[in-house]
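Here the structure is laid out as structure tokens; the discussion comes afterwards.
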Number of protein chains: 2
Amino acid sequence: MTANIYPASSPETQISHLFAIIGQPVRIQILAIIGNEPACVCHLEAVLGLRQASISQHLMVLRKANLVTAQREGRNIFYRLVQPGVLAVIEQAAVFAGMTPGALSALALRPVAGCPCPQCNPGIDPELSCNTLSSSKSS
Amino acid sequence: MTANIYPASSPETQISHLFAIIGQPVRIQILAIIGNEPACVCHLEAVLGLRQASISQHLMVLRKANLVTAQREGRNIFYRLVQPGVLAVIEQAAVFAGMTPGALSALALRPVAGCPCPQCNPGIDPELSCNTLSSSKSS
DNA sequence: GGTATATATTCGCAGTCACGAATATATTAT
DNA sequence: ATAATATATTCGTGACTGCGAATATATACC
């Protein structure tokens with residue numbers, strides 16, 4: 001068993017469920033980002049510019065579909081791909097849409113300017129955590 | 001330009017739009033069927049077991065996305081794929097879902113038992129047209 | 001011309017979904 | 001224990017969507 005989207009369904013239903021789940025720009029971005037390397041929620045928050053709750057909701061959808069998995073590391077919870085093959089599906093769609101094959105990975109490297117997560121700022125003062133930097137960035 | 005789903009959008013929006021369009025079992029079936037060979041609406045009606053209006057609605061979505069095109073031949077209107085590459089996207093998803101690569105083409109060859117379209121029944125009496133056979137099949 | 005056939009379109013509705021807001025939970029630091 | 005931090009969950013709402021029903025359009029046949 002490779003993918004566990006929706007077992008015990010017709011093939012077209014299984015496939016369409018996958019498409020319905022990744023048929024949302026934010027979720028494609030999330031998959032591209034954490035496909036590049038595991039990321040915490042605050043990293044996604046900084047990169048995508050969305051509210052934390054919204055991202056958590058999308059992550060919940062991806063979790064229930066067994067596309068991503070969560071793992072706590074210190075204060076943060078890092079998400080990673082369960083099945084990297086999902087990127088091949090997205091990449092195939094990117095090619096179909098006339099994009100260069102590298103356009104997908106470019107999604108993962110966009111506006112990481114003021115990202116506060118400990119992965120982006122390894123030796124940073126722990127006082128300056130995600131929320132601190134996020135609020136100071138918007139001020 | 002290969003695919004014209006939604007120009008002038010971010011890459012992830014374009015890709016997600018494609019996924020949203022094919023994120024529906026019926027539409028995947030339609031694409032698989034007419035990807036095999038062009039089919040008229042009544043053929044889809046017989047194979048899918050859906051109402052005519054519903055199929056026309058799905059076809060309208062696929063038409064607006066420039067995935068299928070319509071062409072009249074006699075009484076019937078035959079649909080065919082504009083960009084067969086969309087099947088590669090679906091196939092990639094099928095592989096991801098753990099199906100065999102041939103599972104996609106199997107969608108096109110399912111319950112064609114009582115299909116009334118002139119393509120399925122070449123030398124049939126023109127009196128026995130789509131609606132006639134459809135109603136007689138359900139009686 | 002009129003009639004039947006094949007398909008398209010419109011309308012109304014129920015279901016789903018994404019988002020914002022608010023709140024809850026879990027972990028860390030003091 | 002208390003407070004702060006990082007993330008999750010719930011709730012309400014507006015928007016979208018798929019379907020059935022009804023109707024409209026276009027072509028073919030007489």
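Letters A, B, ... mirror the listed sequences (proteins, then strands); counts begin at 1.
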Can you tell me the distance, in whole Å, between the CG atom of B:L48 and the P atom of D:dG20? 13 Å

Does a nitrogen or oxygen in the side chain of B:R51 sit under 4.0 Å from OP1 or OP2 of D:dG18? no

Could you tell me how far apart A:L59 (CG) and D:dA6 (P) are, to the nearest whole angstrom? 16 Å

Rounded to whole angstrom units, what separation is found between the CZ atom of A:F78 and the P atom of D:dT7? 8 Å

Choose from D:dA26, C:dC19, C:dA29 the nucleotide whose nearest atom is closest to any side-chain atom of A:R75. C:dA29

What is the separation between atom CD on B:E45 and atom C1' on C:dT5, rounded to the nearest whole Å? 12 Å

In whole angstroms, how far is the C1' atom of C:dC19 from the CD1 atom of A:I30? 14 Å

Give every residue pair that meets the salt bridge (charged side-chain N to carboxylate O under 4.0 Å, His left out) criterion with at least one member in residues 79-99 of chain B, sequence neighbours excluded. B:E73-B:R80

Length of the CD1-P vector between A:I22 and C:dA18, whole Å: 13 Å

Within the sub-3.5 Å range, which N or O atoms of nucleotides 2-4 of chain C have a protein N or O partner, and how far apart are they?
none

Rounded to whole Å, please give me the gap between CG in B:L62 and P in C:dT7. 16 Å

Which comes earlier along DNA chain C counting from the 5' end, the contact point of A:R72 or that of A:G23, where each point is its nearest nucleotide? A:G23

Measure all distances between protein nitrogen or oxygen atoms and nitrogen or oxygen atoms of nucleotides 9-14 of chain C, and list the pairs falling under 3.5 Å.
residue	atom	partner	partner atom	Å
C:dT10	O4	B:Q57	NE2	2.9

Whole angstroms only, please: what is the CD-C1' distance between A:Q71 and C:dA26? 16 Å

Taking only N and O in the side chain of B:Q24, is any of them less than 4.0 Å away from OP1 or OP2 of D:dG18? yes

Would you say A:H58 places a side-chain N or O within less than 4.0 Å of OP1 or OP2 belonging to C:dC17? no

